[in-house]
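Residue numbering restarts at 1 for every chain, and letters A, B, ... go by the order of the sequence lines.
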2 protein chains.
Amino acid sequence: MQSPEADQSHSRATLTLAVSRAGFRITDARRAIIDLILTRDGAFDSSDLIADARRRKLVVGRATIFRMLDVLADLGAIERIDLPNGAHSYVRCLGSRHHHHLVCTNCQRSSDVEDGGIADLVVAMAQSAGYVLEHHRLELFGICPSCQGRSRDK
Amino acid sequence: MQSPEADQSHSRATLTLAVSRAGFRITDARRAIIDLILTRDGAFDSSDLIADARRRKLVVGRATIFRMLDVLADLGAIERIDLPNGAHSYVRCLGSRHHHHLVCTNCQRSSDVEDGGIADLVVAMAQSAGYVLEHHRLELFGICPSCQGRSRDK
DNA sequence: CGTCAATTGAGACACAGTCTCGACAAGCGG
DNA sequence: CCGCTTGTCGAGACTGTGTCTCAATTGACG
Ligand SMILES: [Zn+2]
Ligand SMILES: [Zn+2]
Ligand SMILES: [Zn+2]
Ligand SMILES: [Zn+2]
């Protein structure tokens with residue numbers, strides 16, 4: 001396993017480029033927030049990032065973090081998900097193809113999963129109710145491999 | 001089509017009974033909130049109910065509405081869903097079997113849809129990532145039949 | 001470099017949802 | 001039918017999330 005920074009599918013550079021290509025300027029704040037997100041593992045919160053920033057003594061306004069989360073969500077670099085308790089969180093998206101997220105209810109770690117034909121299925125379901133489907137959201141919650149092992153010890 | 005009050009699967013009486021059977025007392029506030037919910041069509045908000053109550057000059061505290069929404073969600077009479085814009089809403093559940101909701105992005109009307117084998121599919125998907133699935137959430141957003149007709153006029 | 005619009009951080013704000021608390025009343029057993 | 005017990009109530013304080021405004025700053029481009 002390599003350090004998170006060495007990941008190539010979502011390196012600092014790749015993300016920065018994507019942001020720039022989308023017509024946004026590259027600023028210190030944006031670079032910092034991208035770093036904060038890249039060093040996160042699993043689902044995170046706006047308040048997680050704010051705490052991380054404070055811990056690292058970065059000068060990044062709260063509002064800027066919210067703004068950047070919006071930008072990255074629009075670019076598809078992260079996705080807004082809703083934890084079972086109703087809290088809003090984000091997960092990093094590794095691929096760019098349509099997919100969904102599987103989140104560990106214990107440690108918040110997350111994996112991307114293929115849509116696996118669900119997209120077609122739900123369009124058909126909607127159609128049979130007379131709706132024209134625009135968008136679907138599928139979120140999976142369970143226990144990740146490493147948390148399963150840990151609970152066996154108990 | 002009958003008036004919403006005449007619906008038998010979720011009449012005032014059925015819901016009240018369910019609440020009572022679950023060990024909760026039947027109070028004026030609870031009856032009132034059940035009524036408010038039953039006269040709602042489609043996805044609604046805590047603030048919708050609060051506004052409805054105020055409009056009808058009912059004396060029901062804000063906190064009580066939140067508390068009752070929790071109770072009804074636990075009983076499976078309503079489900080918490082997340083609109084695409086991130087807002088928390090609720091929809092009434094008509095059946096008691098496992099199902100999902102289809103919400104019109106234009107008028108908020110909602111329909112229940114069968115799970116249609118998705119439950120099994122997602123368990124398998126999670127398994128192949130090594131997770132033990134606990135819970136899944138599927139939300140469908142589209143345009144309902146009546147809003148489709150209306151947009152054609154434009 | 002100089003220009004200029006995009007972006008920033010600070011802080012006020014709007015609002016959802018929670019909590020506490022004394023008053024009240026549902027439901028039960030007598 | 002009447003009290004008792006205890007769950008529930010409404011009011012209002014409180015917490016935390018997310019938005020907005022605004023003056024100051026700073027990227028990007030030439
Ligand atoms: Zn885990
Ligand atoms: Zn999908
Ligand atoms: Zn509609
Ligand atoms: Zn399902």
Side-chain angles (χ1 to χ4, degrees), chain A residues 12-13 15-37 43-54 56-75 78-90, chain B residues 12-13 15-37 43-54 56-75 78-90:
Chain A
R12 209 167 304 143
L15 259 182
T16 311
L17 185 63
V19 170
S20 163
R21 278 237 246 271
F24 297 100
R25 293 188 182 166
I26 302 306
T27 65
D28 287 350
R30 289 193 166 139
R31 265 186 288 262
I33 296 170
I34 286 175
D35 271 14
L36 290 180
I37 289 176
F44 59 88
D45 221 325
S46 52
S47 66
D48 290 332
L49 296 188
I50 293 166
D52 286 359
R54 204 184 312 284
R56 292 208 215 166
K57 305 201 195 307
L58 298 175
V59 187
V60 183
R62 240 163 49 85
T64 305
I65 289 181
F66 281 105
R67 289 188 278 239
M68 190 58 174
L69 285 171
D70 281 350
V71 169
L72 292 176
D74 284 350
L75 296 185
I78 59 180
E79 189 184 336
R80 234 182 220 104
I81 65 170
D82 242 53
L83 265 24
N85 66 37
H88 288 164
S89 302
Y90 297 85
Chain B
R12 209 167 304 145
L15 258 182
T16 311
L17 186 63
V19 170
S20 164
R21 277 238 246 271
F24 297 101
R25 292 187 183 167
I26 303 306
T27 65
D28 288 350
R30 289 193 166 138
R31 266 187 288 261
I33 296 170
I34 287 174
D35 271 12
L36 290 179
I37 290 176
F44 59 89
D45 222 325
S46 52
S47 67
D48 290 331
L49 296 188
I50 293 166
D52 287 356
R54 204 185 311 283
R56 291 209 216 164
K57 306 201 194 307
L58 298 175
V59 187
V60 184
R62 239 162 51 84
T64 305
I65 289 182
F66 281 104
R67 288 188 279 238
M68 190 58 175
L69 285 171
D70 281 350
V71 168
L72 292 177
D74 284 350
L75 295 184
I78 58 180
E79 190 184 336
R80 235 182 218 104
I81 66 170
D82 241 54
L83 266 23
N85 66 36
H88 288 163
S89 302
Y90 296 85

- Message: Can you tell me if A:Arg54 has over 12 outside heavy atoms packed within less than 6.0 Å of its CZ?
- Response: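 Not more than 12 within 6.0 Å, no.
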Is the shortest side-chain N/O distance from [X] to OP1 or OP2 of [N] below 4.0 Å?
| X | N | result |
| --- | --- | --- |
| A:Arg62 | C:dA10 | no |
| B:Ser46 | C:dA16 | no |
| B:Ser47 | C:dC15 | no |
| A:His88 | D:dT17 | no |
| A:Thr27 | C:dT8 | yes |

- Given DNA chain C, 5'-ward residue of the pair B:Asp45 and B:Asp28, judged by closest heavy atom: B:Asp45
- Task: Between B:Ser20 and A:Ala63, just flag the one whose closest nucleotide in DNA chain C comes earlier from the 5' side.
- Result: A:Ala63
Gap between atoms [atom1] and [atom2], on [X] and [N] respectively (whole Å):
| X | N | atom1 | atom2 | value |
| --- | --- | --- | --- | --- |
| A:Ile26 | C:dA6 | CD1 | P | 15 Å |
| B:Arg30 | D:dG7 | CZ | P | 11 Å |
| B:Arg31 | D:dC9 | CZ | P | 11 Å |
| A:Leu49 | D:dT17 | CG | C1' | 14 Å |
| A:Leu58 | C:dA10 | CG | P | 12 Å |
| A:Leu69 | D:dT17 | CG | C1' | 12 Å |
| A:Ile33 | C:dT7 | CD1 | P | 12 Å |
| A:Arg25 | D:dG27 | CZ | P | 9 Å |

From [options], nucleotide with atom closest to [X] side chain:
| X | options | answer |
| --- | --- | --- |
| B:Phe66 | D:dT17, D:dG12, C:dG17 | C:dG17 |
| B:Phe24 | D:dT8, D:dC9, C:dA5 | D:dT8 |
| A:Val60 | D:dT19, C:dG9, D:dC9 | C:dG9 |

- Task: Given side chain to side chain contact (heavy atoms under 4.5 Å, CB included), test A:Ile34 with A:Met68 step by step and report yes or no.
- Result: CA-CA 9 Å; A:Ile34 286 175; A:Met68 190 58 174; 3.8 Å; yes
- Message: Please verify the inter-ring angle class for B:Tyr90 with B:Phe44; under 30° counts as parallel, over 60° as perpendicular, anything in between as tilted.
- Response: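 Rings of B:Tyr90 and B:Phe44: parallel, as their planes differ by under 30°.
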- Message: Mind checking if A:Arg67 touches a base, just sugar-phosphate, or nothing, with heavy atoms under 4.0 Å?
- Response: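 Result for A:Arg67 = base.
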- With A:Arg31, which of A:Asp35, A:Thr27, A:Ile33, A:Asp28 fulfils side-chain contact (heavy atoms from CB on, under 4.5 Å)?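 So, applying the side-chain contact (heavy atoms from CB on, under 4.5 Å) to A:Arg31 and each of A:Asp35, A:Thr27, A:Ile33, A:Asp28, only A:Asp28 qualifies.
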- Query: Counting N and O atoms only, with roles assigned by atom type, does the side chain of B:Asp48 sit under 3.5 Å from a partner on the main chain of B:Asp45, one being a donor and the other an acceptor?
  - Reply: yes
